[in-house]
Amino acid sequence: MATAQDILNLIKEKQIKMIDLKFIDMPGTWQHLTVYHDQIDESSFTDGVPFDGSSIRGWKAINESDMSMVLDPNTAWIDPFMAEPTLSIICSIQEPRTGEPYSRCPRTIAQKAVDYLTSTGLGDTAYLGPEAEFFVFEDVRFDQTENEGYYHVDSVEGRWNSGRKEEGGNLGYKPRYKEGYFPVAPTDTLQDIRTEMLLVMAECGVPIEKHHHEVATGGQCELGFRFDTLVRAADHLMTYKYVIKNVAKRHGKTVTFMPKPLFNDNGSGMHTHQSIWKGGQPLFWGDGYANLSQMALHYIGGILKHAPALLALTNPTTNSYKRLVPGFEAPVNLAYSQGNRSASIRIPLSGTNPKAKRLEFRCPDATSNPYLAFAAMLCAGIDGIKNQIDPGEPLDVDIYDLSPEELSKIPSTPGSLLDALKALEEDHEFLTVGGVFTEDFINTWIEYKLDNEVNPMRLRPHPYEFALYYDV
């Protein structure tokens with residue numbers, strides 16, 4: 001564990017002049033402020049660095065805009081994308097007048113979730129391991145005006161370019177739709193850029209593991225990093241997104257974590273592995289189904305019970321629900337299984353190693369704010385444990401072999417962001433009972449999503465509506 005003095009010594013030793021302070025806004029985007037090194041001292045790690053919070057989405061009004069960002073010394077790394085050697089440090093937000101953590105700061109909410117777990121006595125550590133998928137494109141254009149609305153994305157790997165005239169000739173190595181999983185070069189054109197992304201992530205302190213091409217055509221990929229404690233896992237995911245986008249940019253490419261940027265092919269999710277430990281011992285190993293403990297089964301019960309509300313935080317965009325549809329390996333069934341990937345919760349194979357026993361919630365996507373998503377999942381799981389919620393029978397059958405009558409008995413994910421927000425409005429006590437989320441935050445989140453995403457989408461005609469209705 002690093003200390004404030006460790007960081008100050010590092011700044012002096014490396015003669016670092018610039019310090020970049022990063023923090024996350026409510027929807028989930030990193031913001032930053034860069035200061036000269038003499039603006040940082042030991043008090044910066046306790047009292048914070050002041051800034052104006054009135055322009056940050058979902059935060060302060062202009063008449064109460066003063067805020068402080070408190071530096072976390074365990075998150076420091078040299079930013080690989082800045083010309084001047086610059087030390088990057090992740091911050092949490094606090095109220096400067098009271099010194100209290102800011103109740104709408106997502107990183108603070110994540111820490112409160114961990115504190116809540118400890119206070120229950122159920123465990124002292126929550127481990128999470130997100131697997132965020134993304135697309136790499138060479139070109140993206142979009143606009144929406146009063147008389148026009150369109151988007152265009154393109155990739156050299158896109159199957160739709162099989163007939164395109166290309167410089168030097170079209171060589172034809174384009175992954176077929178839904179067949180992009182694990183092809184070697186020359187079909188996989190992104191090997192080197194993914195390797196660079198992974199190694200740069202390691203330079204930034206992320207514990208890297210692997211990378212590979214994903215299922216969809218058009219440059220879908222995934223990089224893997226090792227699981228970590230809840231707040232650190234969210235820190236790593238934000239670093240992951242930052243690194244991937246900037247490595248892509250310096251190669252003339254662009255990255256999106258949109259769940260469904262392409263029609264009629266697989267979307268991008270963020271399967272999230274999770275487990276609870278206490279005193280250095282794993283608590284999800286047992287003699288139940290798939291070697292799960294009763295605690296783990298109750299945790300699953302909590303996730304499944306609160307899933308419709310949970311998705312308002314783990315799948316928080318209108319585009320999220322274009323991924324959660326049958327037929328594209330999407331986890332639309334609110335059930336659990338040790339092998340069925342159409343179930344929303346999968347129990348990965350872990351052999352006889354109790355430390356590897358975990359569950360994988362497959363619904364989330366990387367448009368979520370990871371601090372909020374991870375905190376909400378933990379709260380749902382704790383509620384399941386405390387109230388001994390039965391997850392029901394596992395879904396080990398092939399979902400595609402079920403009759404319509406059998407299928408109708410399996411609960412499914414919400415069909416839209418509006419449906420998920422309504423579920424959150426009706427079911428959020430599991431988030432507030434431990435003081436993790438406040439009523440103010442939940443209300444602000446719902447209002448923000450309705451005003452800035454759901455209702456604006458309702459107002460705008462969709463391009464496909466012209467194909468459907470123009471000549472009616």
Start with the C-alpha distance between Thr108 and Gln111, add both sets of side-chain angles, then the distance that settles side-chain hydrogen bond (donor to acceptor under 3.5 Å, both in side chains), and finish with yes or no. CA-CA 5 Å; Thr108 292; Gln111 184 57 56; over 6 Å; no
With a 6.0 Å cut-off on ring centres, are [X] and [Y] close enough?
| X | Y | answer |
| --- | --- | --- |
| His273 | Tyr127 | no |
| Phe142 | Tyr150 | no |
| Phe437 | His428 | no |
| Phe23 | Trp59 | yes |

Would you call [X] and [Y] a salt bridge, taking side-chain N to carboxylate O under 4.0 Å as the test?
| X | Y | answer |
| --- | --- | --- |
| Arg250 | Glu196 | yes |
| Asp72 | Arg107 | yes |
| Arg141 | Asp139 | yes |
| Arg226 | Asp228 | no |

Between [X] and [Y], is there a donor-acceptor pair closer than 3.5 Å when you use the side chain of the first and the backbone of the second?
| X | Y | value |
| --- | --- | --- |
| Thr217 | Pro175 | yes |
| Lys357 | Ser350 | no |
| Glu148 | Thr145 | no |
| Thr239 | Asp235 | yes |
| Asn170 | Asn161 | yes |
| Arg458 | Pro456 | no |
| Asn315 | Cys363 | yes |
| Ser293 | Gly286 | no |
| Asn452 | Tyr448 | yes |
| Thr125 | Gly123 | no |

Tell me whether the count of non-hydrogen atoms from other residues, nucleotides or ligands lying under 6.0 Å of CD in Glu166 goes above 12.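 Yes, the 6.0 Å shell around CD holds more than 12 heavy atoms from other groups.
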Could you list all the ring-ring contact (aromatic ring centres under 6.0 Å, His included) pairs where at least one residue sits in residues 329-351, not counting sequence neighbours?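 Output for this query lists Tyr289-Tyr336.
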Go through the steps to decide whether Glu157 and Lys174 satisfy the test salt bridge (Lys or Arg N to Asp or Glu O under 4.0 Å), and finish with yes or no. CA-CA 5 Å; Glu157 288 189 2; Lys174 321 285 186 188; over 6 Å; no
Whether Phe257 and Phe134 hold their rings parallel, tilted or perpendicular, with breakpoints at 30° and 60°: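 Ring orientation, 0 to 90° scale: tilted.
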Parallel, tilted or perpendicular: rings of Tyr242 and Trp77 (30°, 60°):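 Correct class here is tilted.
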Of the options Glu133, Lys260, Glu214, Gln220, which is the one that meets Ser268 in a side-chain hydrogen bond (donor to acceptor under 3.5 Å, both in side chains)?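 In the set Glu133, Lys260, Glu214, Gln220, the residue that makes a side-chain hydrogen bond (donor to acceptor under 3.5 Å, both in side chains) with Ser268 is Gln220.
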Could you walk me through whether Asp265 and Arg176 pass the salt bridge (Lys or Arg N to Asp or Glu O under 4.0 Å) check? CA-CA 10 Å; Asp265 208 338; Arg176 286 181 285 272; over 6 Å; no
Take Trp30 and Tyr371, measure what ring pair (Phe, Tyr, Trp, His ring centres under 6.0 Å) needs, and give me the verdict at the end. CA-CA 12 Å; Trp30 252 355; Tyr371 300 97; 8.7 Å; no
